[in-house]
Structures are given as structure tokens and as C-alpha cells.
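Remarks on the structure that follows.
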Amino acid sequence: MKVLAFAASNSNKSINKTLIHYAVKQLPSNIEVETLDINDYELPIYSVDLEQAHGIPSSVDRFLAKIAEADLLLISYAEHNANYTVAYKNLFDWATRKNMEVYQNKPIIMLSTSPGEGGANNVLSMAINSAPFFGGSVLGSLSVPSYYENFDNETNELINPDLAAQLKELLHTISARK
Ligand SMILES: Cc1cc2nc3c(=O)[nH]c(=O)nc-3n(C[C@H](O)[C@H](O)[C@H](O)COP(=O)(O)O)c2cc1C
């Protein structure tokens with residue numbers, strides 16, 4: 001079982017990256033995990049004209065290859081104006097130009113968090129609802145609201161016991177699939 005984990009944010013101080021790191025730490029040590037940073041797949045803003053003139057950049061192949069190598073994806077979505085961050089949308093759009101089934105029939109656990117009470121639920125719902133169009137099969141999801149109240153940035157722990165229990169249960173579906 002190989003898990004590919006990443007946050008759909010290009011922020012160096014991303015709270016979704018922190019949540020992903022916490023979630024990864026909860027997984028049993030016999031599960032292989034690779035965590036990627038979408039900053040390592042920087043691309044020009046998608047344009048039909050650019051694609052026609054220069055084709056699809058090689059970082060798109062590198063990103064799709066990482067997904068292809070994985071048995072399961074663990075993604076935490078940051079929300080900008082009820083949507084994906086520009087960085088992830090751009091990477092995703094480029095990726096669809098190579099393969100509409102970006103998620104390549106992998107099971108996915110989807111997370112999200114934001115400082116607000118909504119917990120980035122808009123983007124999470126959108127990602128869940130659209131996943132089948134992109135070859136994604138969502139096993140489960142969790143939105144963590146009010147990040148700074150529920151997560152301790154000093155200890156890097158989810159300190160809300162209910163949310164921690166929900167995440168633990170969700171992650172158990174990974175070890176149960178081995
Ligand atoms: C341009 C912009 C738009 C945002 N829109 C939303 C929003 O629609 N909903 C929300 O919950 N938070 C919103 N936020 C706050 C983000 O949730 C917050 O910046 C969070 O840290 C982003 O996740 P990240 O740290 O993983 O990148 C927005 C932030 C920015 C900069």
C-alpha cells in the first residue's frame with residue numbers, strides 16, 4: 001500500500017500542509033507514504049495558445065506519474081473564494097490536458113481546513129462531487145473548521161478530540177485496505 005499525500009495549496013505556511021503532515025503521522029508505520037509539494041510542479045498559467053505553441057510541460061507528466069505510482073491519495077484542499085487555489089486549479093487543468101482521469105481510478109481520502117467555521121467545505125464538496133469525472137473514487141472526507149482553534153500549531157496536533165477521532169476513523173479505512 002503506497003499513499004501519495006499532498007495539500008492543494010502552494011503556501012509555504014499552508015495549514016492544509018500541516019493537516020496532511022498530522023494525518024500522515026497517524027498512519028501505521030508499515031504504510032509507505034510519499035508527500036509531495038505542488039510547488040515542485042510549477043507551471044505557466046494554462047492557456048490554449050501556450051499548449052498549442054509549446055505542448056504540455058514535463059512537470060505535468062511528473063505529477064501524473066506520482067499519482068500513477070500510488071495506491072491511494074490523501075489530499076487536503078485549501079479554499080480560495082469557495083474554490084480551488086489558483087495553484088492547484090492550474091496544475092489540475094494542465095493535468096487534464098494529458099489525462100482527463102487525473103486521479104487515475106485511485107481511491108481518495110479528501111480533507112480540507114480553513115481558519116473559518118466553514119472549514120473549506122465549499123471546495124471539499126466540489127472536489128468530492130467532481131471526483132468521478134476525473135477518475136477519483138472518494139472513500140471518505142473530513143473538513144476541519146476553525147483551524148486555529150482546533151489545531152495546535154506548536155505541537156502540530158489536532159486538539160479537538162471529536163475531529164481527531166473522526167480523522168482516525170477515516171484513516172483506518174487506509175490500513176483496512178492493505
Ligand atoms: C484569496 C483568498 C481567498 C480565500 N477565500 C476563502 C474562502 O472562500 N473560504 C475560506 O474558508 N477561506 C478562504 N480564505 C482563507 C484561507 O482558508 C486561508 O488563507 C487558508 O490558510 C488557506 O489554506 P492554506 O493555508 O492551506 O493555503 C481565502 C484566502 C485567500 C488568500
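Each ligand, and each atom within it, is numbered from 1 in the order the structure gives. Note that this is a predicted model, so its numbers are computed, not measured.
When all heavy atoms of S59 and Y41 are compared, the closest pair comes out as O-CD2, 3.4 Å. Of all non-hydrogen atoms in W94 and P44, the two that sit nearest each other are NE1-O, 2.8 Å. Here the closest non-hydrogen pair linking N12 and N39 is OD1-ND2, 4.0 Å.
The shortest N/O to N/O separation between A82 and ligand 1 falls below 3.5 Å. The shortest N/O to N/O separation between N81 and ligand 1 falls below 3.5 Å.
Within the structure, the closest approach of A7 to ligand 1 does not fall below 4.0 Å when heavy atoms are considered. Ligand 1 lies out of reach of G118, whose nearest heavy atom is not under 4.0 Å from it.
The protein heavy atom nearest to atom 27 (O) of ligand 1 is S9 OG, 2.7 Å. Looking at atom 26 (O) of ligand 1, its nearest protein heavy atom turns out to be S14 OG, 2.5 Å. Nearest non-hydrogen protein atom to atom 11 (O) of ligand 1 is S114 OG, 2.9 Å. Nearest to atom 9 (N) of ligand 1 among the protein's heavy atoms is E79 OE2, 2.7 Å. The closest protein non-hydrogen atom to atom 25 (O) of ligand 1 is I15 N, 2.9 Å. The shortest contact between atom 22 (C) of ligand 1 and any protein heavy atom is with A78 CB, 4.1 Å. Closest to atom 29 (C) of ligand 1, if we only count protein heavy atoms, is H80 CD2, 3.5 Å. Summary of contacts: the protein heavy atom closest to atom 18 (C) of ligand 1 is P115 CD, 3.7 Å.
One finds a salt bridge joining D61 and K98 here, because a Lys/Arg side-chain nitrogen approaches an Asp/Glu carboxylate oxygen to under 4.0 Å. With salt bridges taken as basic N to acidic carboxylate O contacts below 4.0 Å, one links D37 and K17. Salt bridge status for K89 with D93: present, with a side-chain N to carboxylate O gap under 4.0 Å.
Taking the six-membered ring for Trp and thresholds of 30 and 60 degrees, Y84 and Y77 have ring planes inclined between 30 and 60 degrees apart.
For ligand 1, the atoms lying closer than 4.0 Å to a non-hydrogen atom of S11 are 27 (O). In the vicinity of N16, heavy-atom distances shorter than 4.0 Å reach the ligand 1 atoms 23 (O), 24 (P), 26 (O).
With F6 as the partner, the side-chain contact (heavy atoms from CB on, under 4.5 Å) test is satisfied by one option alone out of L36, N16, I20: L36.
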If you apply the rule ring-ring contact (aromatic ring centres under 6.0 Å, His included), what do you find for F92 with Y103, and how did you get there?
CA-CA 10 Å; F92 197 83; Y103 295 127; 5.6 Å; yes
